[in-house]
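For reference, the structure discussed in these notes is given below.
For ligands, and for the atoms within them, numbers begin at 1 and follow the listed sequence.
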Amino acid sequence: MNCREDYLEWDEYFMATAFLAAKRSKDPSTQVGACIVNEDRVIIGVGYNGMPKGCEDGEFPWGKHSDDSLKNKYMYVCHAELNAVLNKNTANIKNCKIYVALFPCNECAKVIIQSGIKEVIYLSDKHAHKKTTVASKKMFDAVGVRYRQFVPKHSKIVIDFNQINWDNMNQLPDTPIKNRKDFE
Ligand SMILES: Nc1ccn([C@H]2C[C@H](O)[C@@H](COP(=O)(O)O)O2)c(=O)n1
């Protein structure tokens with residue numbers, strides 16, 4: 001039997017991991033995830049945008065339209081990229097790649113550069129016109145951090161727990177390795 005053709009490519013797998021992490025975000029308007037991968041294609045850190053540890057949701061705002069900047073989220077929220085770097089499970093992240101939903105802002109660009117990450121793969125550059133993004137690109141260009149937009153092959157990646165056959169743990173269509181015939 002031939003191998004499956006419809007498996008996830010590496011870029012899709014890592015970007016999907018970033019988006020899965022984003023599902024943990026409590027930000028009501030924008031959920032961002034990030035996934036750091038080393039040279040061996042091993043995930044070494046994930047993160048999503050959230051309030052700093054101990055800064056409780058009841059006390060810190062998730063809004064963004066108040067005239068008083070202390071009442072908006074921006075002063076407080078940690079970006080997904082920062083959290084992914086802080087959550088890393090290894091000291092050395094030199095030459096790693098970071099997959100992220102939104103192009104990193106200038107503050108995250110500094111963290112990315114300082115940590116030794118060498119490539120940024122992003123899905124959306126919707127803030128390209130903002131100075132924070134222009135500054136990020138200026139820094140990345142200056143130090144040789146590459147960046148490229150992710151182009152998905154699959155328009156959808158679904159994990160439907162209802163479709164999983166819990167008795168023999170296969171998903172539809174059958175995972176070839178689960179076919180006993182192949183071993184006989
Ligand atoms: N590269 C980025 C950009 C933004 N974020 C976070 C920060 C906020 O929680 C949210 C943006 O809020 P919006 O202005 O769209 O309401 O996304 C991030 O984690 N990484």
Side-chain angles (χ1 to χ4, degrees), residues 10-38 41 43-90 93-152 155 157:
W10 286 113
D11 271 2
E12 292 177 305
Y13 171 54
F14 298 131
M15 189 57 90
T17 302
F19 273 82
L20 187 63
K23 291 207 172 285
R24 284 277 313 146
S25 175
K26 293 180 182 172
D27 189 326
S29 32
T30 309
Q31 302 82 42
V32 184
C35 173
I36 302 173
V37 180
N38 73 11
R41 295 179 172 142
I43 294 174
I44 53 138
V46 289
Y48 56 89
N49 54 329
M51 291 297 166
K53 283 178 193 154
C55 293
E56 302 300 338
D57 297 319
E59 284 173 64
F60 290 85
W62 276 116
K64 54 181 188 175
H65 295 303
S66 172
D67 291 337
D68 179 354
S69 56
L70 285 174
K71 294 188 176 149
N72 290 329
K73 62 184 172 183
Y74 301 108
M75 285 280 192
Y76 313 107
V77 71
C78 297
H79 283 196
E81 300 92 317
L82 173 66
N83 280 332
V85 170
L86 294 173
N87 288 341
K88 69 188 190 308
N89 57 16
T90 168
I93 61 171
K94 276 208 163 63
N95 295 325
C96 283
K97 300 177 183 185
I98 187 164
Y99 290 78
V100 65
L102 275 179
F103 199 93
C105 72
N106 61 312
E107 292 301 328
C108 290
K110 295 176 204 172
V111 171
I112 287 169
I113 292 168
Q114 292 301 75
S115 64
I117 291 172
K118 283 288 176 277
E119 188 172 359
V120 175
I121 300 102
Y122 60 93
L123 189 74
S124 162
D125 197 10
K126 69 174 182 173
H127 298 308
H129 57 284
K130 290 192 180 168
K131 288 198 171 162
T132 53
T133 307
V134 175
S136 295
K137 289 179 182 168
K138 188 172 173 176
M139 289 187 276
F140 288 155
D141 291 342
V143 302
V145 170
R146 298 180 300 278
Y147 48 90
R148 64 180 162 88
Q149 190 156 32
F150 167 70
V151 183
S155 63
I157 297 170

### Query
So, K73 and S29: side-chain donor and acceptor under 3.5 Å apart, yes or no?
yes
### Task
Identify, chain by chain and in numerical order, each protein residue with a heavy atom under 4.0 Å from an atom of ligand 1.
D27, S29, T30, V32, N49, K64, K73, Y74, V77, H79, A80, E81, L102, F103, P104
Taking only distance into account, with no hydrogens and no angle test, what donor-acceptor pairs under 3.5 Å do side-chain atoms of residues 137-145 form with protein atoms, sequence neighbours excluded?
residue	atom	partner	partner atom	Å
K137	NZ	D125	OD2	2.6
D141	OD1	Y147	OH	2.9
D141	OD2	Y147	OH	3.3

### Task
Search all heavy atoms of N95 against all heavy atoms of K118 and return the closest pair with its distance.
OD1-CG, 3.3 Å
## Note on the structure
K71 meets the side chain to side chain contact (heavy atoms under 4.5 Å, CB included) criterion, sequence neighbours left out, with S66, D68
### Message
Ignoring hydrogens, what is the shortest heavy-atom contact between K64 and Y74? Give both atom names and the distance.
### Response
CD-OH, 3.2 Å
### Task
Any side chain to side chain donor-acceptor pair (under 3.5 Å) involving residues 97-106? Give me the pairs, sequence neighbours left out, ordered by first then second residue.
D11-Y99
